[in-house]
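Take a look at the structure below.
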Amino acid sequence: MNVLVEVGYLLATVSFLGGLKFMSSPKHAKIGNLIAATGMIVAVLCTFWMLTTQTVPSINLIIIAVAILLGTIGGKIMASKVEMTAMPQLVSLFNATGGGCAMLLGIVEAKQASLGSSFLGMQILLLLGLITGAVAASGSVIAYRKLAGKTKDNRNIMVVLGSRTLLLSFILIPVLYFIGIIPLPFEIVAYIMAFIALVYGVLFVLPIGGADMPVVISLLNSITGIATALAGFVYGNKAMIAGGIFVGAAGILLTLLMCRAMNRSLLKVLAGKFKKGKVAEDAEEQNIKETTVSETAMQLSFANKIAIIPGYGLAVAQGQHLCGQLQQLLEKRDAQVDFIIHPVAGRMPGHMNVLLAEANIDYEHLKEMDQVNDDMGHYDMVLIIGANDVVNPAAENNPDSPIYGMPIVKAYQSKQTVVMKRGMSKGYAGVPNDLFGMDNCNLLFGDAKDSLQEIINQLKLI
Amino acid sequence: MNVLVEVGYLLATVSFLGGLKFMSSPKHAKIGNLIAATGMIVAVLCTFWMLTTQTVPSINLIIIAVAILLGTIGGKIMASKVEMTAMPQLVSLFNATGGGCAMLLGIVEAKQASLGSSFLGMQILLLLGLITGAVAASGSVIAYRKLAGKTKDNRNIMVVLGSRTLLLSFILIPVLYFIGIIPLPFEIVAYIMAFIALVYGVLFVLPIGGADMPVVISLLNSITGIATALAGFVYGNKAMIAGGIFVGAAGILLTLLMCRAMNRSLLKVLAGKFKKGKVAEDAEEQNIKETTVSETAMQLSFANKIAIIPGYGLAVAQGQHLCGQLQQLLEKRDAQVDFIIHPVAGRMPGHMNVLLAEANIDYEHLKEMDQVNDDMGHYDMVLIIGANDVVNPAAENNPDSPIYGMPIVKAYQSKQTVVMKRGMSKGYAGVPNDLFGMDNCNLLFGDAKDSLQEIINQLKLI
Amino acid sequence: MEFIQNNLDIIYFVIFCIFIGIEVIANVPAILHTPLMSGANAISGVIMVGAVIMMFQVPPTNYITLTVGGIAVFLGALNISGGFFVTGRMLKMFNTKK
Amino acid sequence: MEFIQNNLDIIYFVIFCIFIGIEVIANVPAILHTPLMSGANAISGVIMVGAVIMMFQVPPTNYITLTVGGIAVFLGALNISGGFFVTGRMLKMFNTKK
Ligand SMILES: NC(=O)c1ccc[n+]([C@@H]2O[C@H](COP(=O)([O-])OP(=O)(O)OC[C@H]3O[C@@H](n4cnc5c(N)ncnc54)[C@H](OP(=O)(O)O)[C@@H]3O)[C@@H](O)[C@H]2O)c1
Ligand SMILES: NC(=O)c1ccc[n+]([C@@H]2O[C@H](COP(=O)([O-])OP(=O)(O)OC[C@H]3O[C@@H](n4cnc5c(N)ncnc54)[C@H](OP(=O)(O)O)[C@@H]3O)[C@@H](O)[C@H]2O)c1
């Protein structure tokens with residue numbers, strides 16, 4: 001192969017590596033993305049540099065060019081149009097395209113391999129690449145549909161059994177083929193495997209809870225990485241191998257890290273189950289105290305230091321902009337308003353950061369949990385808006401609770417707390433929250449957006 | 001080459017990697033050392049496995065075996081006998097042996113290369129390996145001698161000029177040789193270069209301050225790593241290349257990290273200079289208050305929470321065991337005694353941990369700086385024993401000070417502080433310490449060991 | 001055994017890649033999980049390079065294969081472009097404090 | 001250029017090794033600097049392997065070279081054994097809290 005091509009792939013590999021490295025630090029993440037993207041452009045360009053030593057029919061070239069052009073434009077448009085809250089869906093969709101690409105590549109190469117006399121190792125690589133690609137593709141589509149609310153969880157026993165059976169056939173069919181019991185051409189076997197893998201991808205994701213999708217997407221992404229690496233072996237292409245393995249390995253670790261941040265085990269996530277604690281679902285009657293909008297507004301108007309802890313409910317109610325208004329209003333009255341952001345508040349990591357950034361809230365008022373957790377007592381008033389699990393003291397004091405061990409925002413240590421939610425529903429983890437019954441805690445029932453609006457109205461009058 | 005040999009080297013490489021990784025985490029460091037050592041044994045064993053496909057005269061084998069045996073035993077004995085405080089010296093000495101091995105290897109191979117018709121690249125590799133090895137060897141010996149107090153700093157202009165000249169000749173001589181101007185056999189050039197490199201190593205380390213030796217050793221160690229990698233290229237040996245580069249790269253970063261922990265720049269360290277701040281050496285007259293042993297003992301007997309901040313002076317005075325006695329005595333009186341350990345207190349990183357561990361002080365009483373820095377006000381009494389720079393508030397409030405930016409133990413925030421030192425000498429960084437003049441600070445002059453002994457005697461009487 | 005012998009370089013390569021992949025993101029804070037996932041997704045789009053190489057080899061008369069291959073390239077390009085753009089957009093939201 | 005072509009695998013190898021070496025100890029706490037330095041020193045003792053390989057090739061009648069080579073092996077062994085033992089001893093002192 002051409003030396004320049006090889007050097008280009010080397011550069012691409014190094015920039016994938018550097019890109020990933022930078023992307024994992026909050027300060028340099030943006031540069032990291034740029035580095036990785038540049039590496040990708042280099043990799044693509046030097047692939048075309050191969051044309052200097054190889055003649056390719058112009059029709060092929062035209063198709064390639066058009067496909068790349070359309071893909072690039074399409075990706076750009078989709079990425080620009082999507083709403084911030086729909087990010088995970090879109091990532092999932094893009095992952096499906098990557099998996100799809102790997103699958104189709106495998107199918108075409110399988111056809112070629114059928115014609116030529118390619119050796120065993122190559123055939124195995126092709127089959128593995130095809131299977132992983134197909135699983136990632138169909139799995140990601142289902143993950144996308146779940147996040148978009150188009151497909152419901154399905155924990156039907158048939159689904160589970162079906163997926164296990166298919167898993168078995170992944171091993172069985174190729175083995176039978178290779179020892180010669182299945183007398184079909186390799187091509188056909190490849191098609192069958194691709195089909196089975198597509199179905200498996202669907203069945204694999206179906207039982208998993210919708211809110212666990214970020215974890216699943218990360219896992220599927222890692223599988224796409226493996227498919228890429230396998231294809232890289234087929235072509236002896238170092239950039240593909242390295243890029244694929246980086247993503248594969250990083251993806252698996254990222255999946256585990258995500259689970260840990262939510263204090264869940266990957267196996268439980270994949271089984272669509274929640275850790276069952278010994279806590280009876282609605283164990284004790286809580287002595288909850290309700291409060292009213294006007295009372296809350298009054299308290300806010302007297303407070304000097306206020307903390308707002310946002311959670312999933314705020315995202316659902318789309319109340320982020322009102323949060324910003326409330327902050328401005330209170331600051332005009334010389335109060336200090338901090339937002340305390342729990343890393344897994346909401347339904348994707350960093351959800352709340354994105355939400356509040358959308359509402360143009362100043363970064364100096366966004367506090368991380370660890371920054372303020374020791375000084376919660378300094379706040380005169382803490383407003384919890386649509387958050388539940390992330391402020392549940394059971395995570396600290398009840399070893400039997402499924403969320404035990406998850407770091408929480410220590411709202412229970414503050415002087416006065418008002419929790420805004422619609423009713424007594426539980427949070428994502430499905431556990432009761434002792435905070436609601438505590439002396440320093442009052443509940444303000446109602447949709448977060450409505451309540452916020454009313455508080456703001458009242459405050460303007462005071 | 002034999003497959004098994006290759007697999008062995010692969011295993012060795014992986015275990016060097018894993019060993020280093022584990023060694024960098026406090027919890028797993030011991031396992032890391034074991035892993036790396038196992039990898040080394042594997043590497044050596046599989047080198048001997050080569051004998052299955054190669055015949056080597058038995059005299060050679062005997063010499064090898066004896067050399068390994070003697071080296072292993074010698075290393076074990078030296079490592080077991082050394083005093084804890086002399087660790088850095090010994091590491092330096094061991095590094096010298098590694099460098100020496102690389103140099104001798106280069107010399108012998110240069111002779112062989114002279115005979116055969118080895119190509120240019122190989123000769124360059126050999127020369128580089130030889131030079132780096134020799135510099136590491138003689139430099140480490142000087143570093144050892146400085147730490148052992150056998151050689152003094154020498155910032156003579158001749159030394160500096162000499163080392164610059166030699167640096168130049170490292171480039172000049174080989175270039176002249178390779179373009180054919182020096183008509184000597186390669187062998188002789190190699191000897192000359194080895195000699196120059198040995199001298200350079202000496203001149204390189206001479207001007208550097210004795211207390212900066214840990215940094216220098218780390219740097220020289222990194223150079224040994226590079227020499228190893230170069231030799232690895234000569235033999236096409238992956239384990240040597242990988243091990244060498246790991247150490248080389250890790251060593252350079254470690255060197256920089258060490259400098260950062262002391263808030264110094266590597267260049268300044270190598271030039272043997274200190275950052276000059278605008279602070280006049282003895283700027284202001286401080287209003288210091290002296291205290292007596294009996295007063296200190298009295299205060300200690302009334303305190304409930306006591307912190308001891310040890311520093312270089314305690315190590316010099318060898319007072320660690322008395323510290324332990326003092327703690328036990330006070331604990332019998334129901335006081336709580338914590339030791340607050342600054343990472344660069346003393347003259348090597350972790351110096352104080354080693355010291356206090358030697359005195360059998362319980363781990364639960366060893367606090368890291370960050371653990372307690374926010375609560376210094378909770379201590380009734382803080383005893384600073386032979387520490388100076390690591391408690392100097394100038395690091396926080398005087399941007400002109402050479403130590404500005406270094407994290408410190410915030411002893412100045414405590415209720416009451418007693419500093420034990422011999423006189424008004426400055427610490428390692430040579431800057432005055434405002435703490436000594438503060439209201440809550442008293443000085444107890446005298447050798448740390450003597451003062452501690454007297455305090456203990458008095459306390460027993462109270 | 002022979003396999004190891006012949007593929008020694010690639011074995012080192014794979015092991016190092018795995019290690020690097022894991023090591024590089026071992027300490028990532030939770031808040032970056034979503035953009036990192038998305039960035040990794042974009043990088044795995046390098047599969048498109050494979051699809052392009054494959055297309056170089058397809059006989060120009062084999063229309064079915066050309067079409068399938070073209071779709072593969074299109075999907076790959078979509079993954080790359082969309083992946084990096086969406087990651088960039090997300091990261092813009094995550095501005096860190098000065 | 002030809003050089004790059006012929007040594008591509010080793011170039012990847014070297015780059016990855018450098019990256020790993022740096023990455024692996026990027027977050028080491030100051031307290032471990034001394035033992036880590038010592039451990040790295042022990043690892044660089046793998047140079048002894050080179051000395052042994054060299055000794056395999058020395059003609060048995062060349063006494064000077066045999067002696068020099070023997071010393072090299074001895075020094076390497078000293079580095080390895082002393083390095084790992086001293087690191088082990090140091091780390092024993094650094095017991096972490098349970
Ligand atoms: N961030 C991630 O990456 C991620 C991913 C998957 C899972 N999770 C999990 O999600 C949870 C996040 O905790 P969280 O505290 O943010 O949320 P949460 O525990 O799920 O609680 C959300 C609360 O908001 C209330 N709510 C819903 N709609 C509302 C509306 N329109 N107005 C006002 N309140 C509303 C709900 O109570 P009512 O129905 O009574 O109003 C509910 O109790 C954690 O358990 C975390 O592990 C996080
Ligand atoms: N740990 C490392 O890796 C490392 C390496 C190189 C440099 N350093 C540097 O070393 C410094 C360490 O700070 P430090 O606070 O531990 O030490 P320091 O700032 O060097 O101060 C030590 C103090 O101990 C006193 N002292 C000396 N002998 C004594 C004795 N026998 N009895 C009582 N007191 C005695 C000295 O004052 P008197 O003479 O008046 O008694 C001196 O002020 C930092 O600047 C650090 O950057 C550290």
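Labels below follow one simple rule: chain letters A, B, ... track the order of the sequence lines, proteins then strands, and each chain is numbered from 1. Note that the structure is a prediction, hence the values are computed from the model and not measured. Quick note: numbers below take in every heavy atom, side chains included, and nothing from hydrogens, waters or symmetry partners.
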Does [X] reach the side chain of [Y], with side-chain heavy atoms less than 4.5 Å apart?
X	Y	value
B:Ile245	D:Phe13	no
B:Leu34	D:Phe84	no
D:Asn41	B:Ile217	no
B:Met348	D:His33	no
B:Tyr9	D:Val49	yes
B:Phe246	D:Cys17	yes
D:Met55	B:Val108	no
D:Val52	B:Phe48	yes

For chain D, the option from [options] that forms the most heavy-atom pairs under 4.5 Å:
options	value
B:Lys21, B:Met352, B:Met87	B:Met87
B:Gly243, B:Pro57, B:Ala37	B:Ala37
B:Ile59, B:Ile68, B:Leu17	B:Ile68
B:Val344, B:Ile63, B:Asn60	B:Asn60
B:Gly251, B:Gly99, B:Pro343, B:Ser80	B:Ser80
B:Ile241, B:Asn221, B:Leu253	B:Asn221

Highest number of heavy-atom pairs under 4.5 Å with chain B: which of [options]?
options	value
D:Ile47, D:Ile80, D:Val86	D:Ile47
D:Pro35, D:Gly45, D:Ser38	D:Ser38
D:Val58, D:Ile10, D:Val14, D:Ile43	D:Ile43

Within this structure, what is the [atom1]-[atom2] distance for the pair [X] and [Y], rounded to the nearest 0.5 Å?
X	Y	atom1	atom2	value
B:Leu70	D:Leu78	CG	CG	10.0 Å
B:Met23	D:Met37	CE	CE	13.0 Å
B:Thr72	D:Met48	OG1	CE	7.0 Å
B:Leu104	D:Phe74	CG	CZ	12.0 Å
D:Ile20	B:Thr13	CD1	OG1	10.0 Å
D:Thr65	B:Lys111	OG1	NZ	3.5 Å

Test B:Met78 against D:Phe85 for side-chain contact (heavy atoms from CB on, under 4.5 Å), laying out the working first.
CA-CA 9 Å; B:Met78 288 165 79; D:Phe85 279 122; over 6 Å; no

Under a 3.5 Å distance rule, please check whether B:Thr228 uses its side chain to pair with a backbone N or O of D:Ser44 as donor and acceptor.
yes

Could you check whether any side-chain N or O of B:Ser24 sits under 3.5 Å from a backbone N or O of D:Val24, counting only pairs where one atom can act as donor and the other as acceptor?
yes

Select one option (side chain, backbone, both, neither) describing which atoms of [X] are under 4.5 Å from chain D's heavy atoms.
X	answer
B:Leu61	side chain
B:Ser218	both
B:Leu254	both
B:Met240	both
B:Val82	both
B:Leu20	both
B:Phe233	side chain
B:Pro349	both

Locate the shortest heavy-atom distance separating [X] from [Y]; write the atom from each residue and the value.
X	Y	answer
D:Ile25	B:Leu257	O-CD1, 3.6 Å
B:Thr47	D:Ile53	CG2-CG1, 3.8 Å
B:Gly100	D:Leu75	C-CD1, 3.9 Å
D:Leu32	B:Ala29	CD2-CB, 4.3 Å
B:Asn33	D:Gly88	ND2-N, 3.2 Å
D:Gln57	B:Gln112	O-NE2, 4.3 Å

Partners meeting side-chain hydrogen bond (donor to acceptor under 3.5 Å, both in side chains) with B:Thr97 (sequence neighbours left out)
none

Whether over 12 other heavy atoms sit under 6.0 Å from D:Phe19 CZ:
yes

Side chain, backbone, both or neither: which part of D:Ala42 has a heavy atom under 4.5 Å from chain B?
backbone

Please lay out, stage by stage, how D:Thr34 and B:His351 fare under the test side-chain contact (heavy atoms from CB on, under 4.5 Å).
CA-CA 8 Å; D:Thr34 305; B:His351 203 161; over 6 Å; no

